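Report on the structure given below.
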2 protein chains.
Amino acid sequence: MSEQEPVPPPEESGRESSAPPEPGPPARRGRGRPRATRRRDQILDAALAEFGESGFQGASLAAVARRVGLSQQGLLHHFPSKEALLIAVLARRDEVDVRELDGLGDTAALTGLAERNTRRPGVVRLHSLLTAEGLTGDHPASAYVRDRYARVRERLAHTLRTEHGDRLPSGATPDQAAALLTAAMDGLQLQWLYDPDSVDMPDLMGLLTDVLRGAAPDPTPP
Amino acid sequence: MSEQEPVPPPEESGRESSAPPEPGPPARRGRGRPRATRRRDQILDAALAEFGESGFQGASLAAVARRVGLSQQGLLHHFPSKEALLIAVLARRDEVDVRELDGLGDTAALTGLAERNTRRPGVVRLHSLLTAEGLTGDHPASAYVRDRYARVRERLAHTLRTEHGDRLPSGATPDQAAALLTAAMDGLQLQWLYDPDSVDMPDLMGLLTDVLRGAAPDPTPP
DNA sequence: TGTTTTGCCGAATGACCGGTAGGTAAATTC
DNA sequence: GAATTTACCTACCGGTCATTCGGCAAAACA
């Protein structure tokens, strides 16, 4: 008899923690999820957390398994390989991501996104880590990141174009502004992760959008 | 007799390739560098390139050694450990960095820095990779990155303050602008590394500085 | 010339890692 | 209640990695 130590619950889930249960495959049995899927979700939560802390390369399957109170091979029963596990994590992340992207209908929504990110450092870490790791040759996250950049910039540029036409009041084109806003978001996340107190992400994102839209400076003197 | 294959010369050195030889310890012998130091520099060049391609965690000592036509143990004769090697790379990088930081006397210099970075993707990759890796617990680059952020932001804020006082025409404070400029630089580098053609770093950094300084939009219509 | 130092390599070590094979017990299905 | 599927484990394997040890030849030095 080996006692297992299923380590405390994960800090944040891939599915938005407070999101209403999706109207997909109907919940079977008394318990919430369709039996088999629950463990999978637990594992994905653990993987998200572990990859977020150590990166994909840095994390070991054993470490992920330990988080759910499983042996490494028990974990491999649910996901055939480490890479498959990452893919699954990203796929689930993608659902949320698409929803968030759709939410960027106006530029102010970026500030809201920044604020929400403040409350889920694990996800932000995962994103930052994978974006960098994806640069190294044939990393499983490369395509994901590249694709994500394209979508985000495109979506943002589209929004800006509908709001301001082919040139913002500041003189920037929608494409330029999109690239800058995306870059600022990523860069601020890094600074914030290193020193949360010195960087106010929502505030700075709001400032940048205002400035790019050519808003007049705040009339109230300091 | 085992033929070695010392792989072609590195694309870029840690010391600025065209910088004048430093007036430090006098060059001994006919050849340029003081005998022993030359191999060390070769190794550091190789390590910079390798770490830039695979990251610190992802790179192996053997791979670095191969680049200089050395065995892994031969390399360890010059640097006692992998970590020591990274530290040495960063220390050498620091010299250049300080010089570049001093060059940021006016905001326009940022555009110049972006342009120079376009010509040394290896260094940019190293920087991006290590910044992310440094987030993972007790990484040898953590302190370096944290410290670097502090210095860069401080230096930038100082420059902005001398140029514009306590508030830029755009309404941003020097500290805010410094954080945003730093973030944009980092973020643009990532986007640029993923897709060099779609992102014009110098152009966008120039645009951002202009916008933050509250410059009027370019009067010439598209 | 003899001695020491330097530069380097071959071999070995121990840790860890991802992944495979085979088995077992419980749950599910019939 | 029998058959099958699912969930998971123990044991194992081949590979890579950083690091250590001991030795050897060339260079530097005396």
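Keep in mind the model is a prediction, meaning the values are calculated, not measured. Numbered from 1 within each chain, the chains take letters A, B, ... in sequence-line order.
- Atom CD of B:Q72 and atom P of C:dA12 are 15 Å apart (whole Å).
- Between A:R161 and A:D175, the closest side-chain pair of non-hydrogen atoms falls below 4.5 Å.
- The side chain of B:S60 has D:dC17 as its nearest neighbour among D:dC9, D:dC17, D:dT19.
- One interatomic measurement links the two molecules: CZ of B:F51 to C1' of D:dC17, which rounds to 13 Å at whole-angstrom precision.
- Here B:A59 lies in heavy-atom contact (under 4.0 Å) with sugar-phosphate atoms only.
- Of the candidate nucleotides D:dA18, C:dG19, C:dC8, C:dG19 has the atom nearest to the side chain of A:K82.
- Atom P of nucleotide C:dC17 and atom CZ of A:F56 are separated by 13 Å, given to the nearest angstrom.
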Worksheet item: Going through the distances and angles, do A:E50 and A:R67 end up as a salt bridge (charged side-chain N to carboxylate O under 4.0 Å, His left out)?
Response: CA-CA 8 Å; A:E50 185 64 30; A:R67 282 187 189 244; 2.7 Å; yes

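- For the residue pair B:H127/B:R148, the side-chain donor-acceptor check at 3.5 Å is satisfied.
- For B:H77, whose side chain is taken as the heavy atoms from C-beta onward, the closest listed nucleotide among D:dA7, D:dA18, C:dG7 is C:dG7.
- Between A:L86 and A:L130, some side-chain heavy-atom pair lies under the 4.5 Å cut-off.
- Contact annotation: the side chain of A:R151 approaches that of A:D97 to within less than 4.5 Å [non-hydrogen atoms, C-beta and beyond].
- In this structure, B:F79 places its CZ atom 16 Å from P of D:dT20, rounding to the nearest Å.
- If you take NE2 of A:H78 and C1' of D:dT5, they are 14 Å apart, rounded to a whole angstrom.
- Within 4.0 Å of B:L76, counting heavy atoms only, lies at least one base atom of the nucleic acid.
- The distance from atom CD1 of A:I43 to atom C1' of D:dA7 is 10 Å, rounded to the nearest whole Å.
- In this structure, A:R39 places its CZ atom 16 Å from P of C:dA26, rounding to the nearest Å.
- A close approach under 4.0 Å does occur between a side-chain nitrogen or oxygen of A:S71 and OP1 or OP2 of D:dC9.
- If you take CD of B:Q73 and C1' of C:dT6, they are 17 Å apart, rounded to a whole angstrom.
- Comparing D:dC9, C:dG18, D:dA18 by their nearest atom to the side chain of A:L70 picks out D:dC9.
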